[in-house]
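Values below: all heavy atoms of this structure, side chains included; hydrogens, waters and symmetry mates excluded. Here is the naming used below: chain letters follow the sequence lines, and residue numbers restart at 1 for every chain.
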2 protein chains.
Amino acid sequence: MIFRGRFEYTIDPKGRVNIPAPFRERLLESGQDSFFLTNFSDCLYGFAADDWAGIEERLSRVPSTDRKKNAFVRFFLGGAVEAVPDKQGRILVPPSLRSYAGLEKEVVILGMPNRFEIWSLDRWQQEIGRFEKEVLEDRELVREISDLGI
Amino acid sequence: MIFRGRFEYTIDPKGRVNIPAPFRERLLESGQDSFFLTNFSDCLYGFAADDWAGIEERLSRVPSTDRKKNAFVRFFLGGAVEAVPDKQGRILVPPSLRSYAGLEKEVVILGMPNRFEIWSLDRWQQEIGRFEKEVLEDRELVREISDLGI
DNA sequence: CCACCTTTCCCCACAATTACCCACTTGCAG
DNA sequence: CTGCAAGTGGGTAATTGTGGGGAAAGGTGG
């Protein structure tokens with residue numbers, strides 16, 4: 001499931017954040033009723049339940065003898081929680097995820113292919129800054145991007 | 001049975017640790033009433049009773065002529081205990097396992113495919129550190145991870 | 001075989017967190 | 001102006017996590 005758009009919300013003292021109405025709507029349309037959240041790359045990743053099921057399936061195939069990949073599974077799966085929107089469309093972000101992503105007040109939710117991302121506004125702005133410096137000045141990368149047909 | 005999520009608890013002077021409510025719930029739903037704990041890779045592994053039965057079955061096939069595998073079986077099986085949650089949802093961790101995993105006060109429980117892991121908070125944080133250094137900086141590995149559809 | 005000490009089991013009680021409501025505000029559409 | 005949907009805030013009841021007391025069980029030394 002692909003998500004689109006950028007949304008700004010506030011996370012309240014109880015740790016609740018609103019999920020963009022269009023995201024919730026698409027979830028319900030496809031007969032699902034929950035998201036899965038986990039921690040990755042300084043923000044939180046959110047997946048539709050069906051997409052998450054596929055991920056878990058692949059994670060469970062990682063051989064437990066592969067030390068490095070197991071470290072990844074530990075981190076990624078260890079961070080995961082099911083999140084069911086309440087009647088107002090919010091989900092509860094548990095303390096461990098809140099602190100990982102540095103979510104305190106202002107929060108940005110970004111649509112991505114197969115997932116959405118929850119960022120603290122601060123970090124998101126820094127990320128944008130890095131993007132403009134590192135990515136746009138990297139001619140090689142810019143060319144690859146234009147190959148995407150953009 | 002797959003477990004997910006990261007939970008922080010304190011182990012009390014009697015050696016009791018809480019088991020995350022969702023883990024207990026899933027166990028009961030599948031008609032089981034106990035876990036099995038054993039020592040491995042600096043932490044404790046916890047299995048649902050049914051999954052543990054499968055493991056024991058496979059361990060019992062290890063030929064007694066294979067010296068190295070037998071050493072493993074001795075260690076793995078020798079550390080194993082059945083653990084039944086009390087009315088408050090805690091299990092008692094015997095002293096031998098407590099000292100193996102260095103469990104003293106703060107404890108982290110991680111969900112994994114087919115098992116969960118009990119870490120001392122200290123060791124877990126070191127593990128995270130290694131993960132960020134070794135795994136995320138390994139471009140090859142990061143590519144393999146993204147092949148998991150993440 | 002008994003007395004003693006330690007460990008484990010089974011309660012109860014309290015604190016913290018979460019789930020489930022309902023209410024208010026704002027912006028947009030009819 | 002009215003009605004609806006979206007986003008925010010808060011109250012209360014239920015669940016979850018923590019600590020401790022005392023009885024039962026198990027192990028050890030005399």
Side-chain angles (χ1 to χ4, degrees), chain A residues 3-29 33-37 44 46 79-100 103-111 116 118-121, chain B residues 3-29 33-37 44 46 79-100 103-111 116 118-121:
Chain A
F3 298 103
R4 263 188 303 275
R6 176 165 69 243
F7 305 82
E8 293 191 14
Y9 300 112
T10 59
I11 186 169
D12 70 20
K14 289 182 177 179
R16 296 175 297 186
V17 216
N18 194 55
I19 296 294
F23 293 7
R24 288 179 334 233
E25 204 175 315
R26 302 213 30 198
L27 192 76
L28 292 178
E29 278 169 9
D33 58 0
S34 68
F35 296 102
F36 282 83
L37 290 185
L44 304 183
V81 280
E82 183 168 15
V84 183
D86 67 16
K87 216 162 47 170
Q88 281 74 271
R90 293 169 295 192
I91 57 171
L92 181 69
V93 181
S96 56
L97 293 184
R98 236 177 289 165
S99 72
Y100 173 81
L103 307 181
E104 286 175 13
K105 188 120 214 297
E106 291 141 311
V107 155
V108 181
I109 299 190
L110 302 169
F116 58 89
I118 306 180
W119 288 81
S120 91
L121 181 61
Chain B
F3 297 102
R4 68 178 84 83
R6 176 169 62 245
F7 305 82
E8 293 191 15
Y9 300 114
T10 59
I11 186 168
D12 70 20
K14 291 181 178 180
R16 297 174 298 185
V17 215
N18 194 54
I19 295 293
F23 293 8
R24 288 179 335 233
E25 204 176 315
R26 306 217 19 205
L27 191 77
L28 292 178
E29 278 170 7
D33 58 1
S34 69
F35 296 103
F36 281 81
L37 290 185
L44 304 182
V81 281
E82 183 168 16
V84 183
D86 68 15
K87 211 163 54 169
Q88 278 77 308
R90 294 170 294 192
I91 57 171
L92 182 69
V93 180
S96 57
L97 293 183
R98 235 177 290 166
S99 73
Y100 172 81
L103 308 181
E104 287 175 13
K105 187 121 214 298
E106 290 143 310
V107 155
V108 180
I109 300 190
L110 300 171
F116 58 89
I118 306 181
W119 289 78
S120 89
L121 181 61

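When distances are taken from the side chain of A:K87 to each of D:dG17, C:dT8, C:dC21, the shortest belongs to C:dC21.
Residues B:F35 and B:F116 place their aromatic rings such that the two centres sit under 6.0 Å apart.
B:P94 comes within contact range of no nucleotide atom at all, as no heavy-atom separation falls under 4.0 Å.
One can place CD1 of B:I91 at 17 Å from C1' of C:dT7, the figure rounded to the nearest angstrom. Rounded to a whole Å, the CG atom of A:L28 is 14 Å from the P atom of D:dA5.
Put simply, CG on A:L28 and CG on A:D33 are 7.5 Å apart, with the number rounded to the nearest 0.5 Å.
With sequence neighbours left out, the side-chain contact (heavy atoms from CB on, under 4.5 Å) criterion links B:V17 to B:Y9, B:I11, B:V93, B:V107. With sequence neighbours excluded, the residues that form a side-chain hydrogen bond (donor to acceptor under 3.5 Å, both in side chains) with B:E82 are B:S34. Qualifying side-chain hydrogen bond (donor to acceptor under 3.5 Å, both in side chains) partners for B:R90, counting only residues two or more places apart in sequence or in other chains: B:D86. For A:R24, the side-chain hydrogen bond (donor to acceptor under 3.5 Å, both in side chains) partners are A:N18, not counting sequence neighbours.
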Under-3.5 Å N/O pairs linking protein and nucleotides 27-30 of chain C:
none

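Other residues, nucleotides and ligands place more than 12 heavy atoms under 6.0 Å from the CD atom of A:Q88.
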Could you run through nucleotides 18-23 of chain D and give me one letter per nucleotide, 5' to 3': B if any protein heavy atom sits under 4.0 Å from the base, S if only the sugar-phosphate is that close, - if neither?
BBBBB-
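A sub-4.0 Å separation between OP1 or OP2 of D:dG17 and a side-chain N or O of B:R24 is present.
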